[in-house]
Undergrad: 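Below you will find the structure I want to go over with you.
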Amino acid sequence: MLTARKPTNEATRLIIDWLWCVSDATANGYETLLPSGRAQIMFSLSGSHLREHYPYDPDRRMASLQVFQGPSTVPRRASRRPQVALCGVSFQPGGAGALFRPIHNTTDHVLDLARFWPHTAAPLGDRLRNLGAHDAVLDLLENEIGKHIEDVSAMVVLKRGIERLRAGEAIKDVCEDLRLSPYAFRRLFLRNVGLAPKHYLRIERFRIAMDGLLPAASLSNVAIDAQFSDQSHMTREVKHFASMTPSRLCASVRPYVGHVLDPAL
């Protein structure tokens, strides 16, 4: 069972995209997590460690009960076992910077949350594990994150810039509107989003395509809707970010957004 909701507090709405909690007693095997371009924090509620394979070093792993996941740009393989009971927060692009700035060195890394919250990460995890109802877990998560928010000035600027970029405006025009030089805007983007603006926009377009790549989808229509130049362009980008073709992604089993079950399951 998945419970997900948007934040309710004005301050947390600015930096949080979704709060979520999942319970699946049958979770087993592995899955591929597709790039999101967004940072997350996650807490194991079952006591099962969150173990992840590093995308650039398959033999290297980390394990913790609570982790910070930097914005992802490559697919990574992960165990489904923690989804027996797991909760987390997906941040708005740039939102994690208000809590953990700078995050540019966390891209494609999964780190122990205690690295950022040395005194509160483990106690918060214990409190979350002692709660039963999903709604209570999400309420506590949102309240605790709200306590850590200090300076959202960068996020306010980024939110405005990102909205204009998504609308198709050129970066130079966005910079002029924000009264920032291209260098200053790129630096602000990297420190808070973890990606360069153009890289972020590529992942956003991939995410739009991914939502449309369903079993009965017309690949050419999906490419048009996601604003690729043509179907071949979409195919190249999907292969780059998902390590699979659009047709295979259409046929894949995805229990949650951005999660592709291992074909062996």
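Computed from heavy atoms alone, side chains included, the values below leave out hydrogens, waters and symmetry copies.
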Undergrad: Has E237 got a side-chain atom pairing as donor or acceptor with R202's backbone, closer than 3.5 angstrom?
TA: no
Undergrad: Looking only at the side chains, is there a donor atom on one of S36 and R38 sitting less than 3.5 Å from an acceptor on the other?
TA: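 Looking only at side-chain atoms, R38 and S36 do not form any donor-acceptor pair under 3.5 Å.
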Undergrad: Is there any side chain to side chain donor-acceptor pair (under 3.5 Å) pair reaching into residues 223-236, and which pairs are they, with sequence neighbours excluded?
TA: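 Only S229-H233 qualify under side chain to side chain donor-acceptor pair (under 3.5 Å).
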Undergrad: Going by side chain to side chain contact (heavy atoms under 4.5 Å, CB included), name the residues that satisfy it together with A133, two or more places apart in sequence or in a different chain.
TA: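 Partners of A133 under the side chain to side chain contact (heavy atoms under 4.5 Å, CB included) test: A136.
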Undergrad: Quick check: are there more than 12 heavy atoms from other residues, nucleotides or ligands sitting under 6.0 Å from NZ of K6?
TA: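 Count over threshold, so yes.
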Undergrad: Are F91 and I41 packed together at the side-chain level, in the sense that at least one heavy-atom pair is separated by less than 4.5 angstrom?
TA: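 Contact flag for F91/I41 side chains = yes.
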Undergrad: Could you pull out all residues at least two apart from K147 that satisfy salt bridge (Lys or Arg N to Asp or Glu O under 4.0 Å)?
TA: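 Per chain and number, K147 pairs via salt bridge (Lys or Arg N to Asp or Glu O under 4.0 Å) with E144.
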Undergrad: Tell me, do L19 and V89 make a side-chain contact under 4.5 Å, heavy atoms counted?
TA: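 In contact.
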Undergrad: If we check side chain to side chain contact (heavy atoms under 4.5 Å, CB included) with T32, which of these qualifies: S252, S243, P75?
TA: P75
Undergrad: Mark yes or no for whether R164, through its side chain, and C175, through its backbone, hold a donor-acceptor pair below 3.5 Å.
TA: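 Looks like no, no N/O pair under 3.5 Å.
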Undergrad: Is there side-chain contact between L249 and R254, with heavy atoms separated by less than 4.5 Å?
TA: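 A side-chain contact under 4.5 Å exists here.
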Undergrad: Look at atom CZ of R207 and say whether more than 12 heavy atoms of other residues, nucleotides or ligands are closer to it than 6.0 Å.
TA: yes
Undergrad: Heavy-atom count check: over 12 atoms from other residues, nucleotides or ligands less than 6.0 Å from R166 CZ?
TA: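 Counting other residues, nucleotides and ligands, CZ of R166 exceeds 12 neighbours.
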Undergrad: Measure the shortest side-chain to side-chain distance between P71 and I203 over non-hydrogen atoms and say whether it is less than 4.5 angstrom.
TA: no
Undergrad: Any side-chain heavy atom of D177 sitting closer than 4.5 Å to one from R160?
TA: yes
Undergrad: Please determine whether residues V257 and L213 belong to a single hydrophobic cluster, defined as Ile, Leu, Val, Met, Phe, Trp and Tyr linked transitively by side-chain heavy-atom distances below 4.5 Å.
TA: no
Undergrad: Sequence neighbours left out, what passes ring-ring contact (aromatic ring centres under 6.0 Å, His included) with W20? Give chain and number order.
TA: none
Undergrad: Do E163 and K159 sit within salt-bridge range, that is, some charged N less than 4.0 Å from a carboxylate O?
TA: yes
Undergrad: Once ring pair (Phe, Tyr, Trp, His ring centres under 6.0 Å) is applied, what residue pairs with a partner in residues 123-154 remain, sequence neighbours excluded?
TA: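 The answer is W117-H148.
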Undergrad: Any ion pair linking D135 and R5 (charged N to carboxylate O, less than 4.0 Å)?
TA: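 A salt bridge is absent here (no side-chain N lies under 4.0 Å from a carboxylate O).
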Undergrad: Hey, can you pull the donor-acceptor pairs under 3.5 Å for the side chains in residues 97-105, sequence neighbours left out?
TA:
from: R101; atom 1: NH1; to: G97; atom 2: O; distance (Å): 3.4
from: R101; atom 1: NH1; to: N192; atom 2: OD1; distance (Å): 3.2

